[in-house]
Amino acid sequence: MAPADAVTSTVVLPDVPGLAGVYARGAGASGRLAVARRLGRAPSALPPVVYAVDGVRADASRLTEYQHLLGEPASDRLPAGFVHVLAFPVATALMARTDFPLPLAGLVHLSNRVEQRAPVLLHDALDVRAWAEGLRAHRSGTQVDLVTEVRVGPSLVWRGVSTYLARGVRLGVDGAAPDEDRDEFVPPTPTGRWRLAADTGRRYAAVSGDRNPIHLTALSAKALGFPRAIAHGMYTAARALADVGAARGDAFVWSVDFAKPVLLPGTVTVRVAHDDADGFTFAGWDARSGKPYLTGTVVPYGG
Amino acid sequence: MAASTPKSHTGAAAAATGARRALVLGGNRIPFARAGGAYAHASNQDMLTAALDGLVARYGLQGERIGEVAAGAVLKHSRDFNLTRESVLGSALSPETPAYDLQQACATGLETVISLTNKIRLGQLESAIAGGVDSTSDAPIAVSDRLRRVLLDLSHAKTTGQKLAAAARIRPKDLAPAAPRTDEPRTGLSMGEHQALTTAQWGITREAQDEVALLSHQRLAAAWDAGFFDDLVTPFRGLVRDANLRADTSMEKLAKLKPAFGLSLDTPATMTAGNSTPLTDGASTVLLGSDEWAAAHDLTPLAVVVDAEAGAVDFVHGVDGLLMAPAFAVPRLLARNGLTLDDFEYVEIHEAFASTVLTTLAAWESEEFGRERLGLSGAFGKVDRARLNVHGSSLAAGHPFAATGGRIVATISKELHRRKAAEGGTPRALVSVCAAGGLGLTAILEAA
């Protein structure tokens, strides 16, 4: 599996970059990008690069903390969301490049799809590859897919596609259907409820390393335009995956669409059930308004 | 067990396995109190010891070395790791009486009866005492996880510097106590909220639930008035009757109560404080033994514990309601014993909520449930309401979680014995207790 573009170069990083530094670089790049855009000199294509880090290993105590926080059993198998936490900073580093056409600061996580093709174990050495593809128009801006692949030896064991939206950015690129009609969400019978404390963002930041200020405190979130701190989307998606439990099997596809941010503290009413012939569906919504926060599926991986 | 097990008569299931009979010989409990009431400052150990001592006094067991005592509590402090043994040591039983703690949520009390009678049937025990206790007034409160970690690190620290570093990690919010959780850990919904979903699924009305509650109070009051509990209950801390009992309640009074669960569903909320069990404090014990031990101690066998079956449902993914496990366990139990619901003179279904009883009955009466979920050719069967919870149940008596099984077993065993003495035959009782975690425990008793 390789990025779509034919001509690519591979940038090998010595280690998975820390997200704090990446965000700082990304903020700088975003500022320069805004200036460049006004001057008509902004990049309008994705950089033809693949970022690579080899031999990434999970830390046992961080894994335990992640599993406790998300409600996963403390097994030596890495939860699919934990592999995302380990590998995705490589993709984030790519988004912080000065020639990346969308500003890292303010990108909205629209959806995420993970193929867990085989179990990943605590002692496995993970080879990570990340690139961007599918730059396309969205009804309110431009969207892009960040692809992250994880191999153990020669086998591709995990593949994530994270779709981000840069709101208000128009690059004149062709779009997929610019206004894909969403089915009207009808709240189903709940199977549970997540009561998310005010420190949910800080606790997920501690295990994921993603200390984006919009997740940390009401004050830092306000500075970036949110009324309160918001939960990490991948935290809510990983809670849903944990709720599916062992029934997800060894190899599965975990897909989620994020409809609306969850303000913290907050309550998410959820249904996680074997409602589809193919496997599990999940949804989290606001019981008062009936509006969804996230919807998704966990189905067996077809190979 | 072989599929060819003959239709059960006295001890048939035991006979089929070559095991001997295990008998219920009596019981004793303390009156159940409302949370924050008469037992507000009594601990689990205080109440269990009181219930044991009442049993000892009633059956002349002072200084007796009982084969084994098993009891438990649902809300239990970690320091009570030997709650039952400590209660035995504080009682008038011989200090050489062994004991163990057991915990299976609200099925704890019934499971102590089942596991001890199994030991008696196997010949490992001649005598035993089953029991359970719970206090919601004196519930354990833990420190927060963060504070706990700091305190543990502090206790492992060797140098002053390490100690200071550990102590410096304490934040004001870490000092907030962590009360025991009443929500299901995997769903975040309380038991009442779960049952509200099941109630709505089965279309159980408010009126039907209030009728169950009213009947429970009327029947328990009648049993108290008739002196039925005089040799089953020992007063404690000034309480002589179950404090939750409202002999004068009525459909009008019950109808005035505001719904407490299911408020955010799109169907009308029907579950109130009146048709749900209140938080309760109390303890119960049951005396068990072999025929030989009963004869040697001049005790009258009341009932035989014939067989039991546990069940569990996948409530986490909404396949079945949280408290619906007995709806599956009972059909298995009866099939194994060659019995139908019509073969029981008594049916005891623990009233966690009035609607728990009604959703269980509705499932058994449903053709669709019988065919699709139980694999039968039609509905499992119908319970004659006149045989159901004849002396009232948890809605009236209250429900100190682990003490409920002992209350039911002692009450129905006495009733079975009374019925046999009055009318002959071998009357049977079916006992069904639902429990947190999607668990259920069911048993068959028959007059000894």
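Throughout, a chain's letter reflects where its sequence line sits, starting with A, and its residues are numbered from 1. Keep in mind the model is a prediction, meaning the values are calculated, not measured.
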Non-hydrogen atoms of chain A under 4.5 Å away: do they reach the side chain of E193(B), the backbone, both or neither?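 E193(B) touches chain A through side-chain heavy atoms alone.
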Side-chain donor/acceptor of R117(A) to backbone N/O of L156(A), under 3.5 Å: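 No: the side chain of R117(A) does not pair with the backbone of L156(A).
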Under 6.0 Å between ring centres: does that hold for Y204(A) and H215(A)?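 Between Y204(A) and H215(A), the centre distance exceeds or equals 6.0 Å.
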With no hydrogens and no angle check, just 3.5 Å: does a side-chain donor-acceptor pair link H156(B) and D153(B)?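 Looking only at side-chain atoms, D153(B) and H156(B) do not form any donor-acceptor pair under 3.5 Å.
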Picking from [options], which has the most non-hydrogen pairs under 4.5 angstrom with chain B?
{"options": "D199(A), V244(A), T189(A)", "result": "V244(A)"}
{"options": "H274(A), R288(A), R195(A)", "result": "R195(A)"}
{"options": "P190(A), A287(A), G71(A), P187(A)", "result": "P190(A)"}

So do the side chains of D275(A) and F280(A) get within less than 4.5 Å of each other, counting heavy atoms only?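 No, too far: nothing below the 4.5 Å cut-off.
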In plain terms, say whether D134(B) and K76(B) are close enough for a salt bridge, that is, a side-chain N and a carboxylate O under 4.0 Å apart.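 Result for this pair is no, no salt bridge flagged.
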Select, from L322(B), V316(B), D266(B), the one with the greatest count of heavy-atom pairs under 4.5 Å involving chain A.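 Going by pairs under 4.5 Å, I would pick V316(B).
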